[in-house]
Amino acid sequence: MTPSGAEFIRQVKTQVDEVDPAQVNEVLGNRAVVVDVRETEEVAQGKVPGAVHVPRGYLESRIEGAAPDRSQRVILYCASGNRSALAAKTLREDLGYENVESMVGGITLWKDRGYEVEVPRAFSPDQRQRYSRHFLLPEIGEEGQQKLLDAKVLLLGAGGLGAPTALYLAAAGVGTLGIVDDDVVDVSNLQRQVIHSTSRVGEPKVDSAEASISDLNPDVDVVKYETRMGAANIMEIIEGYDVVVDGLDNFPTRYLLNDASVRLKIPVVSASILGFDGQISVFAPYDGPCYRCLYPVPPPAELAPSCGANGVLGVLPGTMGLLQATEVIKLVVGVGETLVGRLLLYEALGATFTELKVRRDPDCPICSREPDEIADDEMGVFPDYEAFCAAAG
């Protein structure tokens, strides 16, 4: 005789390990992965703090994004403990997870015991449609999208690199984009700076970029800095941002940015382009090398000409800018392996990527020091890098 639904659940519960909400409360944040297997509309009413949402119907396809280590402790819960028991059986018997438990009584008993409940911020109907493809990715999902909406990213330049990076970060839903640029749109920019248009020639680039971003995604707040960044204003400009995107085209300002970002412990996604070649890395202060570890002194001027002097393939900034946008998203959401400690070189004519390891220099004049020592005085006055680079050239 086929068992009834209730009897089947009772049988399943004898085959899986169950854990009391009190025990779950004790291990929150301590290496156990807590997974909510309810439907999206249920989770909107509140969930266990820090729990990852993987609906039971998508368990097989998405659980690896939440718990890639099959030997790690995984605690599942639902509304009452029934669906989570079935899910635990699936994880153990079909997917090979070794340490899986189902929380007794589910979120209902958790609430009855008076434990803390985290209420996710609600997405509007437009946001649910706009970011629906992100929601389907277990590595991003609703929690990752909320991190993107809460993020503040600063772009240094609205030119070749800043243009595609800004557009794709805006499309991805990064909530605040700061843009630093004191230039105006020129016809010669339009071959590669895709955020601008012919109708905006002569307009400040920050205004042109804001118009394109707002038209693409009204969720994004654009903060404009129509100024040239230098030692006198860099700390004021970059402070408070989660990530800085380096689209600069000169060594003095890159060295200045490095000092300020290390001092403030802000990661920088840095790229450069010339001709048919590009390179990109991520400089995360004290977690990996800084820009001065990679370039202790600037190269001679003849080895580092500007794009204005030597030219650049129009699509190359797009390639490198999209790589920058990808690194920003990974940093904000906290997924994947970033380019910290790696320099990625791209050669467009040969369609080749080359990766080089970059290590922290224990004698680096910048990141070998404590953050509050990275300036000439307490006011944050930095060295004269214009003179430094001129002397090196």
Side-chain angles (χ1 to χ4, degrees), residues 28-29 32-69 72 74-79 83-84 86-88 90-91 95 97 103 106-107 110 117-153 164-177 213-221 242-243 269 322-338:
L28 288 182
V33 179
V34 180
V35 180
D36 189 324
V37 300
R38 295 176 297 159
E39 297 303 314
T40 299
E41 58 272 17
E42 296 177 275
V43 177
Q45 304 305 312
K47 67 185 185 70
V48 173
V52 181
H53 180 218
V54 182
R56 182 172 170 248
Y58 295 95
L59 194 66
E60 289 85 351
S61 61
R62 297 187 187 178
I63 189 60
E64 283 193 6
D69 182 358
Q72 188 174 12
V74 178
I75 301 172
L76 309 174
Y77 75 89
C78 59
R83 283 173 289 174
S84 59
L86 294 169
T90 298
L91 288 192
L95 300 179
Y97 281 80
M103 187 172 77
I107 193 71
W110 177 272
V117 174
E118 177 181 303
V119 179
R121 284 156 57 183
F123 291 95
S124 68
D126 175 77
Q127 288 175 324
R128 289 206 165 276
Q129 186 172 7
R130 181 182 296 272
Y131 307 122
S132 60
R133 300 305 187 271
H134 273 177
F135 293 158
L136 294 173
L137 294 172
E139 294 84 357
I140 298 182
E142 294 191 12
E143 293 181 13
Q145 187 60 55
Q146 193 60 66
K147 290 180 181 179
L148 290 170
L149 288 167
D150 291 340
K152 298 180 66 178
V153 177
T165 307
L167 286 173
Y168 270 89
L169 291 180
V174 171
T176 300
L177 289 178
I213 290 169
S214 299
D215 188 51
L216 178 63
N217 189 350
D219 281 345
V220 181
D221 179 28
D242 302 306
V243 184
V269 179
L322 296 189
L323 288 173
Q324 284 184 289
T326 303
E327 292 301 302
V328 170
I329 291 171
K330 291 193 295 183
L331 285 168
V332 170
V333 178
V335 297
E337 182 180 354
T338 67

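What you are looking at is a predicted structure, and each value in this text was computed from that prediction instead of being measured.
Using a distance-only test at 3.5 Å, with no hydrogens or angles considered, no donor-acceptor pair links the side chain of D221 to the main chain of G175. In this structure, the side chain of E139 does not engage the main chain of G334 through any donor-acceptor pair within 3.5 Å.
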> How far apart are the C-alpha atoms of I107 and E42, what are their side-chain angles, what is the distance that settles it, and do they pass the side chain to side chain contact (heavy atoms under 4.5 Å, CB included) test?
Replying inline: CA-CA 10 Å; I107 193 71; E42 296 177 275; over 6 Å; no

>> Applying side chain to side chain contact (heavy atoms under 4.5 Å, CB included) to R38 and Y77, what does each step give before you reach the verdict?
In response: CA-CA 8 Å; R38 295 176 297 159; Y77 75 89; 4.1 Å; yes

Side-chain atoms of residues 326-333: list all donor-acceptor pairs with protein atoms under 3.5 Å, sequence neighbours left out, distances to 0.1 Å.
unit_1: T326; atom_1: OG1; unit_2: L322; atom_2: O; d: 2.8
unit_1: E327; atom_1: OE1; unit_2: L339; atom_2: N; d: 2.9
unit_1: E327; atom_1: OE2; unit_2: K330; atom_2: NZ; d: 2.8
unit_1: K330; atom_1: NZ; unit_2: E337; atom_2: O; d: 2.8

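Remark: D150 engages R121 in a salt bridge, criterion side-chain N to carboxylate O under 4.0 Å. The pair K47-E142 does not count as a salt bridge, with every side-chain nitrogen at least 4.0 angstrom from each carboxylate oxygen.
The shortest heavy-atom contact between G50 and E118 is N-OE1, 3.5 Å. Considering all non-hydrogen atoms of both residues, V37 and C78 come closest at CG2-CB, 3.9 Å. Between R130 and P218, the shortest heavy-atom distance links the atoms NH2-CD, 3.5 Å. When all heavy atoms of D69 and Y97 are compared, the closest pair comes out as O-CE2, 4.1 Å. Of all the heavy atoms in P120 and A44, the pair that sits closest is CD-O, 4.2 Å. In plain terms, the two heavy atoms of L76 and A88 that are nearest each other are CD1-N, 3.3 Å.
By the 6.0 Å contact criterion, OH on Y168 is open, its count of non-hydrogen atoms from other residues, nucleotides or ligands being 12 or less. For Q129, the CD atom counts as loosely surrounded, since its 6.0 Å shell holds 12 or fewer non-hydrogen atoms of other residues, nucleotides or ligands.
When each of V269, L169, V243 is checked for a side chain to side chain contact (heavy atoms under 4.5 Å, CB included) with Q324, only V269 meets the rule.
Note that CG of L95 is 8.0 Å distant from CD1 of I63, once rounded to the nearest 0.5 Å. Interatomic distance, N217 CG to L177 CG, rounded to the nearest 0.5 Å: 9.5 Å. Atom CZ of residue R128 and atom OG1 of residue T40 lie 6.0 Å apart, to the nearest 0.5 angstrom. To the nearest 0.5 Å, the span separating CD1 on I213 from CG on L167 amounts to 6.5 Å. With rounding to the nearest 0.5 Å, the separation of CG in D219 from CG in L148 is 11.5 Å.
Residue pairs that meet the side-chain hydrogen bond (donor to acceptor under 3.5 Å, both in side chains) test with at least one member in residues 48-64, sequence neighbours left out, are E64-R70.
The aromatic rings of H134 and Y131 lie parallel to each other, with less than 30° between the two planes, well short of the 60° mark.
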